[in-house]
K.L.:
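One structure is given below, represented as structure tokens, and several questions about it will come after.
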Amino acid sequence: MKITALTSCCVDFFPEQDKIYVGGNSLNFATQCKLSNIENVSIIGAVGNDKFGELIRKHLDKININHSHLYEIDEVTASNKIFIDTKGDRYFKPDSWNGGAFDVFRLSENDWNYIADSTIIAMPAGDPNLKELLKRRNSNQTVVIDFLDYFKVHHIEQFIDKIDITFLSGTEEILDDLRKLSLKSKKMIVATLGAKGSVAFHNEKTYVQEAIEVDEIIDTTGCGDSFQAAFSIEWIRTKDIEKSLKAGAIAASKVLGYMGGVE
């Protein structure tokens, strides 16, 4: 199994704690894949020629994620300022995100050729390369896209025909709309609901998974990314949605116990 994560690598600043951690949807996803004992895991993207880019490369080296297609360009490494409330939930401010290298990076023809034999390709929906990926993907690949918590259902509908697993951080209020979209598109949609667990819609069925209880919630950063990676791997292995939801829930619960998306 070859898994490639595109293209979000950043550093997460926690100003209130005066801490900096490596992160980003793709880096977090790839890290969980290695924790799930997947040998062939790669990241494609770009970082800046700065100390934060070096932190990211050191992390990838440490856990043996292939970053031969992670480029150093003349932009700052993407960064995100994260704030934590009293319940451990993260929140952002208007100036939290600085896209830097992530915003300007585009895959080359060599990069597209490199991912042509990937079993799973993961990408956040805000990636500037999304449309090109969905145009170039092949039928042997499982493409999983994270629509996060700020893309609306009508936005998902524009792309879902080319996506194998649509992930998002949702609320109970939109579940009926997601169910209808899954029925219409005949595609799998998986919504994580925080403390209320997760829901998957597939083949006219609804599957529900309770959240795994933890002793203490330190930080929710990276929970969704870990859930998605563990779910996707289990789905490829077993084609069992209930097992996939459980695997995702277990992976997410472990991330709650420390700051940042990867320990």
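Reckoned from all heavy atoms, side chains included, excluding hydrogens, waters and symmetry mates. What you see is a predicted model; the values in this text were computed from it and never measured.
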K.L.:
Side chains of Ser26 and Ser8: do they bring a donor and an acceptor to under 3.5 Å?
P.N.:
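No, Ser8 and Ser26 have no side-chain donor paired with an acceptor closer than 3.5 Å.
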
K.L.:
According to a 4.5 Å side-chain heavy-atom criterion applied to Ile, Leu, Val, Met, Phe, Trp and Tyr, with indirect links allowed, do Ile160 and Leu133 form part of one hydrophobic cluster?
P.N.:
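Linked within one cluster.
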
K.L.:
Atom SG of Cys10 and atom CD1 of Ile56: how far apart are they, to the nearest 0.5 Å?
P.N.:
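Rounded to the nearest 0.5 Å, the SG-CD1 separation comes to 6.5 Å.
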
K.L.:
Verify whether one side chain among Thr7 and Asp127 offers a donor that lies under 3.5 Å from an acceptor in the other.
P.N.:
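Yes, side-chain donor-acceptor contact under 3.5 Å.
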
K.L.:
Return yes when atom NZ of Lys184 has more than 12 non-hydrogen atoms of other residues, nucleotides or ligands closer than 6.0 Å, and no otherwise.
P.N.:
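Open.
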
K.L.:
With a 4.5 Å limit on heavy-atom distance, are the side chains of Ile44 and Leu107 in contact?
P.N.:
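Result yes, sub-4.5 Å side-chain heavy-atom pair found.
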
K.L.:
Look at the side-chain heavy atoms of Ile, Leu, Val, Met, Phe, Trp and Tyr, link any pair under 4.5 Å apart, and say whether Val144 and Ile236 land in one connected group.
P.N.:
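Both belong to a single hydrophobic cluster.
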
K.L.:
Starting from Ile84 and following side-chain heavy-atom contacts under 4.5 Å between hydrophobic residues (I, L, V, M, F, W, Y), which residues can be reached?
P.N.:
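Phe14, Tyr21, Ile82, Phe92, Ile218, Met259, which link up through side-chain heavy atoms under 4.5 Å apart, make up the rest of the cluster.
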
K.L.:
Same hydrophobic cluster for Phe227 and Leu193, using side-chain heavy-atom links shorter than 4.5 Å among ILVMFWY?
P.N.:
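No.
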
K.L.:
Determine whether more than 12 heavy atoms belonging to other residues, nucleotides or ligands lie under 6.0 Å from atom CG of Asn113.
P.N.:
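Atom CG in Asn113 is packed in, count exceeds 12.
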
K.L.:
With a 4.5 Å limit on heavy-atom distance, are the side chains of Ser185 and Asp161 in contact?
P.N.:
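Touching, per the 4.5 Å side-chain cut-off.
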
K.L.:
Would you mind listing every ring pair (Phe, Tyr, Trp, His ring centres under 6.0 Å) that reaches into residues 36-58, with sequence neighbours excluded?
P.N.:
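Applying ring pair (Phe, Tyr, Trp, His ring centres under 6.0 Å) to every pair that reaches into residues 36-58, excluding sequence neighbours, yields Phe13-Phe52.
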
K.L.:
Out of Lys58, Arg57, Lys51, which residue meets the side-chain hydrogen bond (donor to acceptor under 3.5 Å, both in side chains) rule with Glu54?
P.N.:
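So, applying the side-chain hydrogen bond (donor to acceptor under 3.5 Å, both in side chains) to Glu54 and each of Lys58, Arg57, Lys51, only Arg57 qualifies.
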
K.L.:
Do Ser226 side-chain atoms and Cys223 backbone N/O form a donor-acceptor pair below 3.5 Å?
P.N.:
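Checking the backbone N and O of Cys223 against the side chain of Ser226, no donor-acceptor pair under 3.5 Å is found.
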
K.L.:
Identify, with sequence neighbours excluded, every residue that meets salt bridge (Lys or Arg N to Asp or Glu O under 4.0 Å) alongside Glu242.
P.N.:
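Once residues adjacent in sequence are excluded, Glu242 has no partner under the salt bridge (Lys or Arg N to Asp or Glu O under 4.0 Å) criterion.
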
K.L.:
Taking everything shown except Glu16 itself, do over 12 heavy atoms lie less than 6.0 Å from its CD?
P.N.:
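Yes, enclosed.
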
K.L.:
Does Tyr258 sit in a hydrophobic cluster with other residues, and if so which ones, taking ILVMFWY side chains as linked at heavy-atom separations under 4.5 Å, directly or through other members?
P.N.:
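Val255, listed by chain and number.
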
K.L.:
Do you reckon Leu256 sits in the same ILVMFWY cluster as Val262, going by side-chain contacts under 4.5 Å, direct or chained?
P.N.:
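No, Leu256 does not connect to Val262 through the hydrophobic network.
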
K.L.:
Between Ala195 and Ala211, which heavy-atom pair has the shortest distance, and what is it?
P.N.:
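Minimum heavy-atom contact is O-CB, 3.6 Å.
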
K.L.:
Are any of the side-chain heavy atoms of Ile115 and Leu6 separated by less than 4.5 Å?
P.N.:
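Ile115 reaches Leu6 side chain to side chain.
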
K.L.:
For a quick test of reading the model, state the closest non-hydrogen atom pair linking Ile241 to Trp235 and the distance between them.
P.N.:
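Looking at all heavy atoms of both residues, the closest pair is CG1-CZ3, 3.5 Å.
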
K.L.:
Whether the side chain of Asn28 engages the backbone of Gly23 through a donor-acceptor N/O pair (distance < 3.5 Å, no angle test) should be reported.
P.N.:
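Looks like no, no N/O pair under 3.5 Å.
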
K.L.:
Under a 3.5 Å cutoff, is there a donor and acceptor pairing between the side chains of Asn25 and Asp146?
P.N.:
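Side chains of Asn25 and Asp146: pair found under 3.5 Å.
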
K.L.:
Strictly below 4.0 Å, N to O, side chains only: are Lys81 and Asp95 in salt-bridge contact?
P.N.:
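Looking at Lys81 and Asp95, the cut-off is met.
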
K.L.:
Hydrogens and angles aside, do Ser232 and Gln228 bring a side-chain donor and acceptor to less than 3.5 Å of each other?
P.N.:
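The answer is no; no qualifying pair exists.
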
K.L.:
Does any non-hydrogen side-chain atom of Gln141 lie less than 4.5 Å from one of Thr119?
P.N.:
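No, their side chains stay 4.5 Å or more apart.
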
K.L.:
Going by the rule salt bridge (Lys or Arg N to Asp or Glu O under 4.0 Å), which residues pair with Lys135 if we only count those two or more places apart in sequence or in a different chain?
P.N.:
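In terms of salt bridge (Lys or Arg N to Asp or Glu O under 4.0 Å), with neighbours along the sequence ignored, Lys135 is linked to Glu132.
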
K.L.:
Test the Lys2-Tyr114 pair against the cation-pi criterion, namely NZ or CZ under 6.0 angstrom from the six-membered ring centroid and within 45° of the ring axis.
P.N.:
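Judged by the rule, Lys2 and Tyr114 form a cation-pi pair.
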
K.L.:
Is it the case that the side chains of Asn80 and Ser96 hold a donor-acceptor pair, with the cut-off being a distance below 3.5 Å and no angle test?
P.N.:
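Result is no, nothing qualifies.
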
K.L.:
Flag yes if Leu130 and Leu168 sit in one hydrophobic cluster, no otherwise; membership is Ile, Leu, Val, Met, Phe, Trp, Tyr, and two members link when side-chain heavy atoms are under 4.5 Å apart.
P.N.:
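In one cluster: yes.
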
K.L.:
Quick one, Leu27 with His59, criterion side chain to side chain contact (heavy atoms under 4.5 Å, CB included). Give me CA distance, side-chain angles, the key distance, then yes/no.
P.N.:
CA-CA 9 Å; Leu27 184 145; His59 169 78; 3.8 Å; yes

K.L.:
Between Asp149 and Thr171, is a side chain to side chain contact (heavy atoms under 4.5 Å, CB included) present by the stated rule, with each step listed?
P.N.:
CA-CA 9 Å; Asp149 59 356; Thr171 61; over 6 Å; no

K.L.:
Could you state the interatomic distance from NE2 (His154) to CD (Glu157), rounded to the nearest 0.5 Å?
P.N.:
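Reported to 0.5 Å precision, the distance equals 9.5 Å.
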
K.L.:
Taking ILVMFWY side chains as joined if any heavy atoms are under 4.5 angstrom apart, and letting links pass through other members, which residues group with Phe102?
P.N.:
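Traced through the cluster, Phe102 reaches Trp97.
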
K.L.:
With no hydrogens and no angle check, is any side-chain donor or acceptor of Asp219 less than 3.5 Å from a backbone partner on Gly260?
P.N.:
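The answer is yes, because a donor-acceptor pair under 3.5 Å joins these two groups.
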
K.L.:
Minimum heavy-atom separation for Ile189 to Leu178, with atom names?
P.N.:
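For Ile189 versus Leu178, the nearest heavy atoms are CD1-O, 3.5 Å.
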
K.L.:
If I compare all heavy atoms of Val22 with all of Asp12, which pair ends up nearest, and what's the gap?
P.N.:
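Closest approach of Val22 to Asp12: O-OD2, 4.4 Å.
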
K.L.:
Going from OG1 on Thr142 to CG on Asp164, what distance comes out if it is rounded to the nearest 0.5 angstrom?
P.N.:
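The CG atom of Asp164 is 5.0 Å from OG1 of Thr142, to the nearest 0.5 Å.
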
K.L.:
Does the pair Thr77 and Asp50 meet the rule for a side chain to side chain donor-acceptor pair (under 3.5 Å), with working shown?
P.N.:
CA-CA 7 Å; Thr77 298; Asp50 50 36; 2.7 Å; yes

K.L.:
From Arg179 CZ over to Leu175 CG, what is the distance, rounded to the nearest 0.5 angstrom?
P.N.:
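Rounded to the nearest 0.5 Å, the CZ-CG separation comes to 10.0 Å.
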
K.L.:
For residues Ala30 and Ala5, report the shortest heavy-atom separation together with the two atoms involved.
P.N.:
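For Ala30 and Ala5, the tightest heavy-atom pair comes out as CB-CB, 4.3 Å.
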
K.L.:
Using salt bridge (Lys or Arg N to Asp or Glu O under 4.0 Å) as the criterion, list what pairs up with Asp74, not counting sequence neighbours.
P.N.:
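Listed in chain order: nothing, the list is empty.
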
K.L.:
Who else is in the cluster with Tyr91 when I, L, V, M, F, W and Y are joined by side-chain contacts under 4.5 Å?
P.N.:
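Under the 4.5 Å side-chain rule, Tyr91 groups with Phe83.
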
K.L.:
Return yes if some donor-acceptor pair links the side-chain N/O of Ser36 with the main-chain N/O of Ala230 below 3.5 Å, else return no.
P.N.:
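No: the side chain of Ser36 does not pair with the backbone of Ala230.
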
K.L.:
Carefully, step by step, assess Val190 and Thr166 under the rule side chain to side chain contact (heavy atoms under 4.5 Å, CB included).
P.N.:
CA-CA 6 Å; Val190 182; Thr166 294; over 6 Å; no

K.L.:
Kindly indicate whether the side chain of Lys152, heavy atoms from C-beta on, has any atom under 4.5 Å from the side chain of Ile156.
P.N.:
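Lys152 does not reach Ile156 side chain to side chain.
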
K.L.:
Provide the full list of ring pair (Phe, Tyr, Trp, His ring centres under 6.0 Å) pairs with a residue in residues 161-189, sequence neighbours left out, each pair given once.
P.N.:
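For residues 161-189, and leaving out neighbouring residues, the ring pair (Phe, Tyr, Trp, His ring centres under 6.0 Å) pairs sorted by first residue read Phe167-Phe231.
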
K.L.:
Run the numbers on Lys34 and Ile65 for side chain to side chain contact (heavy atoms under 4.5 Å, CB included), then give the verdict.
P.N.:
CA-CA 8 Å; Lys34 294 300 293 188; Ile65 292 174; 3.5 Å; yes

K.L.:
Can you list the residues that meet the side chain to side chain donor-acceptor pair (under 3.5 Å) rule with Asp111, with sequence neighbours excluded?
P.N.:
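So Asp111 forms a side chain to side chain donor-acceptor pair (under 3.5 Å) with His69, Tyr71, Ser108.
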
K.L.:
Heavy atoms only: give me the nearest Asn129-Arg106 pair and the separation to one decimal.
P.N.:
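Shortest heavy-atom contact: OD1-CA, 3.3 Å.
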
K.L.:
Within the structure provided, determine whether Asp61 and His67 are in side-chain contact (heavy-atom separation under 4.5 Å).
P.N.:
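Answer yes - side chains close enough.
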
K.L.:
Is there a side-chain contact between Ile43 and Cys9, using heavy atoms and a 4.5 Å cut-off?
P.N.:
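In contact.
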
K.L.:
Any pair with a residue in residues 196-217 that passes side chain to side chain donor-acceptor pair (under 3.5 Å), sequence neighbours left out, goes on the list, sorted by first then second residue, please.
P.N.:
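Sorted result for residues 196-217: Glu172-Lys196.
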
K.L.:
How would you list, by chain and number, every residue that makes a side chain to side chain donor-acceptor pair (under 3.5 Å) with Glu109, sequence neighbours excluded?
P.N.:
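With neighbours one apart ignored, the set is Arg136.
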
K.L.:
Decide yes or no for Thr220 and Ile217: does some side-chain heavy atom of the first lie under 4.5 Å from some side-chain heavy atom of the second?
P.N.:
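Heavy-atom side-chain distance check passes, below 4.5 Å.
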
